Asks: 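This is the structure I want to talk about, given as structure tokens.
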Amino acid sequence: MFIILMLIFVLQTVWLYIKELAGKDLDLIVIFKFLAYFMPKLIPLVLPLTILLASIMVFGSFAENYEFAAMKSTGISLQRAMSGLSIFIVILGIVTFFFSNNVIPWAELNSYNLRRNIAKIKPSMGIAEGQFNEIESTPYNIKVEKKSGDRGQFLEDVTIHVKGSNGRTNSSVIKSKTGELASEEDSNVLKLILLDGYYYSDMAAKKPAEKNKKPFVKSYFEKKIINIDLSELNSVDFDEQSQTDKYNMLDVVDLNKTIDSLVVKSKDDHESFSKNLFQRSGVSIYRPKKQAKDSVYLGPILDVFNTKQKLQVVDAAIKAFTSSKQILTSKEETTKLSKAWLNRHIISLHEKFALGFACVILFFVGAPLGALIRKGGIGLPMVIAIVLFLTYHFIGIFATNSAKGDGINPILASWFSTLVMLPLGIFLTKRATEDRGLFETDGLLEPLKKLFRIKKKALLEDYSSFPKSSEEYRRLNKNENNTLIDIVRNYNQYEYSLKYRNTALAVLDSRGITKQQLKFAGHFKNQKYEDSLRLKNTFEEDSNLALVLYIFMTLLILVGSILKNNKFPVTGNILFILGILIGIIFLFAISKSFLSFASYNKHIDNESKYSGLIFLLVGLPLYFIVYVYTKKKFNQDLNIREHNKG
């Protein structure tokens, strides 16, 4: 399974980087190096998915073939069956940490530098549309608006910046309407033919005044040929490692050192910036108008100065404020970048530990889940494993991206997806150990029905009967069994109440004739109709609860969104999150409501035209429509059956 998934991800990697490899005359050794350096980087994706999928498949196959039942009959519990694999997974998690600490940084180092070296080959293929493309080891920076032709050799709206001797400023700018790349693919010279353009060249003036008179030289050309020497560029050493200090290229020791140095540097920058800002915050001291000696002035400070000095003080304060604001704005962006760089190092450090724990936790998610779904093979387990893994993976991506922008703590972001899976693993393991179903919503929904007072009385057989001391009970007790059975069969024809009928059942039960015996003997004439009423009762409870939860969910989400966008973010977020939590419970309630609806239709031999997916898709946003429709349909069906029950 690991090899199959690794091959799938390797093919995806090749497809992702095909532009960097294609058409550059790379030999097989370089391509194999490229893949060999990328394979270790795929382990954080492949290994957790392999463990999750394999555990679901193995334990699902055991449960499907009743091997767990055989184990339990011999006294082997699920924990004991998992113990050997649990030890193996823990050892695998430890090995995974050392792998992520040593092998993955080595692979990141080599793959990054190899990609940089490959990018230096055939730079003509790297000229992309609509952006400047710097050709390394040359002074040229080329931008084209559009490329055409079978090899992309025809160019439109070409702009070329030619760097000066210092390598930073542009000494010349060339613009042309069209151009053509006329060099051969294996040539060391990039031949660029430009047509109908202008050449702008800076003038090196000795005096600033002369530069203002003649800032640059402009010349027109109909055709211009530029030959760019690529001989040095194409003799690339693929083993060269020009960068070795990126955060994902470091092990735990180096990351700790780098984090400490970044924290110290950040602290020093803050202190230096605060001192600089404090020094710039002062204003010039002007001599105020004369005041009496030994007097204390408590009025506005500007009244101390004369009119001219007031204008000077205000003007100086405005300038100091504007300057400080500009410095703060520019420093804020620099601080964000520095903080993001520090967060990336912290995330990289903790991800090395989190990966090993994730392998262990995903095993305790997959193994009991397989035992609960009782399905092996590659079908359903593959779907469940992919859904769970994508949930785990995307939660990790969202948390990491948020931490890079300093949205959440980077340490929490590294562990967030693992911590989300931890309670799920505990829940599933407990369920499988207790030999219970995957989901039992009654324990959650029944208390809510009682809380909102929508729990109905049970039907027919659970209605109370007359007490034994009553006159009705004594009168019925005097009758023969056949008479009592006739009352049970035809109580509606005699216009007896349900309580009277249940009292007759109680008398028969006291004489040894149970309700089950009467059912088998066919004395419950309207049993199917009564079962229909019972199913209707169950559906009404479930649908009423779903409606109440839908109303609460909608109100909380709407009010929370309004408050969040109207300067009440804390209250709005709290209400919005509460609405989401109630929405999760609503999802269980509407699912149970659909199951009740389907059970009723099956009971009356009426196949529903609406699948559970349509029921959920319509019910989640517009449940009141589903509620009204199903309620009306239930009443229609029951009226028809009541009319025909005799």
Side-chain angles (χ1 to χ4, degrees), residues 9 41-53 55-56 89-90 92-94 96-97 99-101 104-105 108 246-248 250-252 255-256 258-259 262-263 336-369 384-430 560 564 569-570 572-574 576-585 587:
F9 278 91
K41 297 165 58 177
L42 298 174
I43 293 296
L45 290 174
V46 177
L47 187 59
L49 178 58
T50 302
I51 292 173
L52 182 62
L53 178 57
S55 57
I56 293 176
I89 292 296
V90 170
L92 181 62
I94 296 172
T96 303
F97 163 74
F99 185 89
S100 63
N101 186 50
I104 293 180
E108 289 280 3
K246 201 176 178 185
Y247 57 91
N248 53 5
L250 306 176
D251 58 15
V252 170
L255 281 170
N256 278 318
T258 306
I259 290 171
L262 288 174
V263 170
K336 284 183 179 179
L337 294 175
S338 301
K339 185 65 175 177
W341 189 246
L342 173 61
N343 289 343
R344 287 174 184 267
H345 285 78
I346 297 174
I347 291 170
S348 182
L349 172 65
H350 285 270
E351 279 181 344
K352 299 182 186 301
F353 296 95
L355 180 59
F357 280 94
C359 293
V360 177
I361 290 173
L362 288 177
F363 169 75
F364 284 99
V365 170
L369 184 59
I384 294 175
I386 291 175
V387 170
L388 285 174
F389 177 75
L390 289 178
T391 304
Y392 160 80
H393 185 57
F394 285 141
I395 288 174
I397 290 176
F398 294 147
T400 301
N401 290 339
S402 179
K404 289 175 183 177
D406 207 25
I408 62 175
N409 188 287
I411 298 176
L412 177 62
S414 304
W415 292 90
F416 194 71
S417 57
T418 306
L419 294 176
V420 168
M421 288 294 162
L422 178 60
L424 179 61
I426 295 173
F427 170 77
L428 293 174
T429 303
K430 185 178 179 182
K564 191 165 57 173
V570 177
N573 282 326
I574 292 174
F576 187 83
I577 292 172
L578 283 175
I580 295 297
L581 293 176
I582 293 176
I584 295 172
I585 304 174
L587 185 61

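Computed from a predicted model, the values in this text were never measured in an experiment.
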Asks: Would you compute the distance between atom CD1 of I582 and atom CD1 of I577 and round it to the nearest 0.5 angstrom?
Replies: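 Going from CD1 on I582 over to CD1 on I577, the span is 12.5 Å.
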
Asks: Which distance, rounded to the nearest 0.5 Å, do you find between the OG1 of T418 and the CZ of F357?
Replies: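 These two atoms lie 9.5 Å from each other.
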
Asks: If you round to the nearest 0.5 Å, how far is CE of M421 from CG of L428?
Replies: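 Separation between the atoms: 10.0 Å.
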
Asks: Any donor-acceptor pair under 3.5 Å linking the side chain of N101 with the backbone of V252?
Replies: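 It does hold such a pair.
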
Asks: Between CG of L349 and CD of E351, what distance do you get to the nearest 0.5 Å?
Replies: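 Interatomic distance, L349 CG to E351 CD, rounded to 0.5 Å: 10.0 Å.
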
Asks: Which pair of heavy atoms, one from S100 and one from P105, lies closest together, and at what distance?
Replies: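 The answer is O-CD, 3.1 Å.
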
Asks: Is a donor on one side and an acceptor on the other found under 3.5 Å between the side chain of K564 and the backbone of N573?
Replies: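 Side chain of K564 to backbone of N573, a donor-acceptor pair under 3.5 Å: no, none is there.
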
Asks: Please name the pair of heavy atoms, one in F363 and one in P368, separated by the smallest distance, quoted to 0.1 Å.
Replies: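 Of all heavy-atom pairs spanning F363 and P368, the closest is O-CD, 4.0 Å.
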
Asks: Just how far is it from atom CG of L52 to atom CG of L47, taken to the nearest 0.5 Å?
Replies: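 Here the interatomic distance stands at 11.0 Å.
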
Asks: Write down the atom of A399, the atom of A413, and the distance for their closest heavy-atom approach.
Replies: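 In this case the closest contact between A399 and A413 is O-CB, 3.3 Å.
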
Asks: Do T96 and P44 come close enough that some side-chain heavy atom pair is under 4.5 Å?
Replies: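 The answer is no; the side chains never approach within 4.5 Å.
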
Asks: If you compare all heavy atoms of L355 against all heavy atoms of P48, which two are closest, and at what distance to 0.1 Å?
Replies: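 Looks like CD1-CG, 4.0 Å.
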
Asks: Could you pull out all donor-acceptor pairs under 3.5 Å where a side-chain atom in residues 388-396 meets a protein atom, sequence neighbours excluded?
Replies:
from : atom 1 : to   : atom 2 : distance (Å)
T391 : OG1    : V387 : O      : 2.8

Asks: Pick out which of L255, T258, T400 makes a side-chain contact (heavy atoms from CB on, under 4.5 Å) with S348.
Replies: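 Only one option passes, and that is L255.
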
Asks: Can you find a heavy atom in the side chain of L419 that is under 4.5 Å from one in the side chain of L412?
Replies: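 A side-chain contact under 4.5 Å exists here.
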
Asks: I need the minimum non-hydrogen distance between F364 and T429, along with the two atoms involved.
Replies: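 For F364 and T429, the tightest heavy-atom pair comes out as O-OG1, 3.2 Å.
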
Asks: Restricting to ring-ring contact (aromatic ring centres under 6.0 Å, His included), what partner residues turn up for F97, sequence neighbours left out?
Replies: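 Residues passing ring-ring contact (aromatic ring centres under 6.0 Å, His included) with F97: F353.
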
Asks: Do I347 and S414 come within less than 4.5 Å of each other through their side chains, counting heavy atoms only?
Replies: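 Sidechains of S414 and I347: in contact.
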
Asks: Could I get the full list of ring-ring contact (aromatic ring centres under 6.0 Å, His included) partners for F576, not counting sequence neighbours?
Replies: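 F576: no ring-ring contact (aromatic ring centres under 6.0 Å, His included) contacts found.
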
Asks: Compare every heavy atom of I51 with every heavy atom of C359, then report the nearest pair and how far apart it is.
Replies: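 C359 and I51 have their closest heavy atoms at CB-CD1, 3.5 Å.
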
Asks: From H345 NE2 over to N256 CG, what is the distance, rounded to the nearest 0.5 angstrom?
Replies: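 One finds 11.5 Å between NE2 of H345 and CG of N256.
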
Asks: Does S402 use its side chain to pair, donor to acceptor, with the backbone of F398 at less than 3.5 Å?
Replies: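 It does not hold such a pair.
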
